[in-house]
Amino acid sequence: MTAAAPVITRFAPSPTGHLHVGGVRTALFCWAYARRHGGRFILRIEDTDQKRSSEDAALGILEDLAWLGIHWDEGPTWVPPHSAAVGLPPHSAAAGVPRHSVAELDSSSVGGDPRSVGPFFQARRLDVYNRYLDRMIEADLAYPAFDTAEELDALRREAAARKETFRYRRRPGYDRDAALRRFRAGEPCVVRFRMPDEPVRVTDAVLGEIDFTEEHLDDFVLRKADGFPTYHFAVVVDDELMGVTHVLRGQEHLNNTPRHVALQRALGFRTPVYAHMPLIFNADGSKMSKRDKDKAVRRAMPAAADTQASVMAATSLSPSDLATWLADKTRQLPTDALLSIARALDLSLPEIDVEDFRRSGYLPETLCNYLALLGWNPGLKNADGTDLERFDMAFLAEHFSLDRIGKSNAKFDRDKLLAFNQAAIAALDPDDFERRWREWCDRYDPELLALLGDRFALAARAVQPRIRTLGQCREPIAFALWPDDGVTFDEKAVEKHLRKGDPTGLAVLRDFLPTLESLADFTPDAIDGAAKAFCESRSLGMGKLAQPLRVAVTGSTVSPGLGETLALVGREGTLRRIIAALRLA
RNA sequence: GGCCCCAUCGUCUAGCCUGGUCCAGGACGCCAGGUUCUCAUCCUGGAAACCGGGGUUCGAAUCCCCGUGGGGUCACCA
């Protein structure tokens, strides 16, 4: 290893909403690359679009990243909302994968500015950009342009009519002195870059060398009329000033790269290593979009006005809000409203943002693991010869490399994510699972916490092996949430397991009842032990006792293990439910 | 439409750079069995792909060209 300049990467989201999966992967790779090379990972907020950016969104992104365990070395400081360490998930190893040790800063806050290269919100760096801009105007590398939107539109239409690409270039007769006079007088205008008339070759670590000819490069805007820099300008200036050596971003930015390279040359900046990664799409091939949630609800929305009204009752939306939303497919409803409508329609929304996945109950390490595999592959084998694809953050930090990033776009496969999540949940230490489930409930389902009370630990053991996401935890133990006299019996199950058979299930239940009444501890192990002894003493198969009990206590033939099921309902509840079932004869 | 990128099972991919060991391997999903008190697990087996056409070569999934298909991008958004 040579003593080359330290690697510095950055993730630079614009704060217009929660982080979505594409952004997560970009951040993850930037993080991993910096870690792999002992470098630094910067988080920078690109809030140069005043209309769309919000502080809330920026905060949301910080929280999303922190939750995922993608911690930035430099950037806005973020402190976990509660006490230290709570918000920072420990990255336990995925199923079957040994734990990798990594030197991870375990302080409770993330971010900071040790090199004094901030601030990290671009809106607070206008003076920086203006300094460079003034210099460029002075050198005639940039110039004020006073075209109106209408004039630009007309030019664009003309080009389209000639079947040419529209490309803005400073006209030959441009009167620089006059323009500068108007500019200094404060006349509103944009400032454009004088794109040199030469081709630009972009070298990309993933895609190789790509040539762009000058006839497709234009004098793009550096500073907007509102005084804010454009993305192109801010990104180039900031990357230079912050010492960014490697730019990892989505392929949608590939066509921007020659602009950035040309700008860097004009300013005498270094050109970082670029690595453009493939895009992520929905399973149906459509682009993943925040509007997908609206789309799903729209599709499920009943046509009749009165049913619509009842669905809307759960939200604070007015009928006119609903009407405009229904009429305009580009409109989005607030997430809260979408969620309550979805609940009313018994519809599950597609997960798009990090927050969606978190709410559904995916583990952060699963999300990172799965997303890392979308467009990257370690190219290693497990001991049994299968491909290594389950790994943790430490592994990524140790093995991530640009040359194993793929070139083709990938579809997001929820089934595989689900499989990963299930395996990761199953592999958790039971106490760890309980703790993390409790945290999830705190945030998303406090009612469940209250319903379970001191049975929570018991429920955690029962639920852990049978769920794919934390959000599914109610299902396997639904029977334990009903009142003891509120069991709804599946008639077919009652017929088969209680009324029929020789002896009938009801007879077996009656026989077993005293055992349950006198059991010293009403714990899963004690119950299972007693059940087993009971069956052995009568040469009965376990199913002959277990199924009638299950039906009596839960109403159905499906539940967690017998001991867990009865213990969850409790001795008193179990006895009451059995006695009620005996009356079904 | 111009420009740019991409192309292996349904999906994610390994293999491609450094042609032969590939009648193409793994994972998820699917199908069929098996274990277990049900469920979920777990185990075993199975179906399933080199986009098409030319070339180069003794030999091509691997190299080259063309075609086709998919995607990105063409803003005072990022």
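Throughout, a chain's letter reflects where its sequence line sits, starting with A, and its residues are numbered from 1. Since this is a predicted model, take the numbers as computed values, not measurements.
Pairing for B/G10 is with B/C28, a Watson-Crick or G-U wobble pair whose two hydrogen-bonding atom distances lie under 3.5 Å. Across all strands shown, the partner of B/G2 is B/U73, judged by Watson-Crick or G-U wobble contacts whose two distances both fall under 3.5 Å. B/C42: Watson-Crick or G-U partner is B/G34, with both key distances under 3.5 Å. Pairing for B/G19 is absent, judged as Watson-Crick or G-U wobble with the two contacts each under 3.5 Å. Nucleotide B/C63 forms a pair with B/G55, judged by Watson-Crick or G-U wobble geometry with both contacts under 3.5 Å.
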*Does the pair A/Phe391 and A/Leu373 meet the rule for a side chain to side chain contact (heavy atoms under 4.5 Å, CB included), with working shown?*
CA-CA 10 Å; A/Phe391 47 76; A/Leu373 242 19; 3.7 Å; yes
*Take A/Phe357 and A/Val21, measure what side chain to side chain contact (heavy atoms under 4.5 Å, CB included) needs, and give me the verdict at the end.*
CA-CA 9 Å; A/Phe357 288 97; A/Val21 291; 3.4 Å; yes
*Check the pair A/Trp376, A/Phe400 against ring-ring contact (aromatic ring centres under 6.0 Å, His included), reporting the backbone distance first and the verdict last.*
CA-CA 8 Å; A/Trp376 182 78; A/Phe400 180 75; 5.4 Å; yes
*Are A/Ile425 and A/Trp437 close enough, and set up right, to give a side chain to side chain contact (heavy atoms under 4.5 Å, CB included), and what steps lead you there?*
CA-CA 10 Å; A/Ile425 284 177; A/Trp437 181 32; over 6 Å; no
*Begin from the C-alpha positions of A/Phe479 and A/Leu568 and carry the test side chain to side chain contact (heavy atoms under 4.5 Å, CB included) through to its verdict.*
CA-CA 9 Å; A/Phe479 61 88; A/Leu568 265 171; 4.3 Å; yes
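Summary of the strand contacts: A/Pro465 and A/Thr165 both lie near RNA chain B, and taking for each the nucleotide with the nearest heavy atom, the more 5' one is attributed to A/Thr165. Heavy-atom distances to RNA chain B give each of A/Ala410 and A/Val558 a nearest nucleotide, and the one nearer the 5′ end belongs to A/Ala410.
Among the atoms of the strands shown, only primed sugar atoms or phosphate atoms (P, OP1, OP2) are found under 4.0 Å from some heavy atom of A/Val221. Residue contacts for A/Leu562: at a heavy-atom cut-off of 4.0 Å it reaches a base atom on one of the strands shown. In this structure, A/Gly379 reaches neither bases nor backbone, as no heavy-atom distance under 4.0 Å exists between it and the strands shown. Here A/Tyr370 lies out of heavy-atom contact (under 4.0 Å) with every strand. In this structure, A/Lys51 reaches neither bases nor backbone, as no heavy-atom distance under 4.0 Å exists between it and the strands shown. Contacts of A/Arg404 with the nucleic acid, taken as non-hydrogen atoms under 4.0 Å apart, involve only primed sugar atoms and P, OP1 or OP2. At the heavy-atom level, A/Ala225 lies under 4.0 Å from base atoms of the strands shown. As judged by a 4.0 angstrom heavy-atom cut-off over every strand, A/Asp47 is placed among residues making no nucleic acid contact. Contacts of A/Thr386 with the nucleic acid, taken as non-hydrogen atoms under 4.0 Å apart, involve only primed sugar atoms and P, OP1 or OP2. Using a 4.0 Å heavy-atom cutoff across all strands shown, A/Asp226 reaches no nucleic acid atom at all. At a threshold of 4.0 angstrom between heavy atoms, the contacts of A/Glu252 are confined to the sugar-phosphate backbone, with no base atom among them. In this structure, A/Pro560 reaches the bases: a heavy-atom distance under 4.0 Å links it to at least one base atom across the strands shown. A/Gly561 comes within contact range of at least one nucleobase, with a heavy-atom separation under 4.0 Å. Using a 4.0 Å heavy-atom distance criterion, A/Thr48 is classed as a sugar-phosphate-only contact.
Nearest approach of A/Ala58 to A/Phe121, heavy atoms of both residues: CB-CE2, 4.0 Å.
With both ends at atom C1', the span from B/A48 to B/C28 equals 13 Å, rounded to whole Å. Atom name C1', nucleotides B/C42 and B/U57: the rounded distance is 50 Å, in whole Å. Going from the C1' atom of B/C31 to that of B/G70 covers 30 Å, rounded to whole Å. Straight-line distance between the P atoms of B/A7 and B/C23: roughly 23 Å, to the nearest whole Å. Taking the C1' atoms as reference points, B/G54 lies 22 Å from B/A49, given to the whole Å. The P atoms of B/C4 and B/G67 are separated by 13 Å, rounded to the nearest whole Å. Between the C1' atoms of B/C64 and B/G46, the separation comes to 39 Å (whole Å). As rounded to the nearest Å, B/C50 and B/U8 have P atoms that lie 11 Å from one another.
Exactly one of A/Val221, A/Thr48, A/Asp49, A/Val190 qualifies for a side-chain contact (heavy atoms from CB on, under 4.5 Å) with A/Thr230. That residue is A/Val221.
Comparing atom distances between the A/Gln547 side chain and each of B/U41, B/C37, B/U11 picks out B/C37 as nearest. Of the candidates B/C4, B/A7, B/A78, B/C4 carries the atom nearest the A/Leu254 side chain, counting heavy atoms from C-beta on. Here the side chain of A/Lys224 is nearest to one of B/C12, B/C4, B/A78, namely B/A78. With B/G25, B/C12, B/A78 as the candidates, the nucleotide lying closest to the side chain of A/Lys381 is B/G25. Among B/U38, B/C6, B/U13, the nucleotide with an atom closest to any side-chain atom of A/Asn377 is B/U13. Side-chain atoms of A/Arg468 lie closest to B/U41 of the nucleotides B/U41, B/C76, B/C6. Relative to the side chain of A/Leu279, the nucleotides B/G71, B/C6, B/A27 differ in distance, and B/G71 lies closest. Listed candidates were B/U73, B/G2, B/G71. Nearest to the side chain of A/Asn409 is B/G71. Nearest nucleotide to the side chain of A/Ile210, out of B/C6, B/C4, B/C28: B/C4. Considering only the side chain of A/Thr230, B/A78 comes nearest among B/A40, B/C5, B/A78.
Here the P atom of nucleotide B/U11 and the CG atom of A/Asp387 are 18 Å apart, to the nearest Å. The distance between atom OH of A/Tyr231 and atom C1' of B/A78, rounded to the nearest whole Å, is 7 Å. To the nearest angstrom, C1' of B/C76 lies 8 Å from CZ of A/Arg192. The distance from atom NE2 of A/His216 to atom C1' of B/C3 is 5 Å, rounded to the nearest whole Å. Spacing between atom CG of A/Asp525 and atom P of B/C37 amounts to 16 Å, rounded to whole angstrom units. We find that CD of A/Gln251 is positioned 8 Å from P of B/C6, with the value rounded to whole Å. Remark: C1' of B/G2 and CD of A/Glu158 are 17 Å apart, rounded to the nearest angstrom. Regarding A/Trp376, its CH2 atom lies at a distance of 18 Å from the P atom of B/C12, rounded to whole Å.
Ring planes of A/Phe166 and A/Tyr168: perpendicular class, angle over 60° (limits at 30 and 60°). Using bins of under 30°, 30° to 60° and over 60° for the plane-to-plane angle, the ring pair A/Tyr174/A/Tyr143 lands in the perpendicular bin.
Remark: A/Arg390 qualifies as a cation-pi partner of A/Phe420 under the 6.0 Å distance and 45° angle criteria applied to the six-membered ring.
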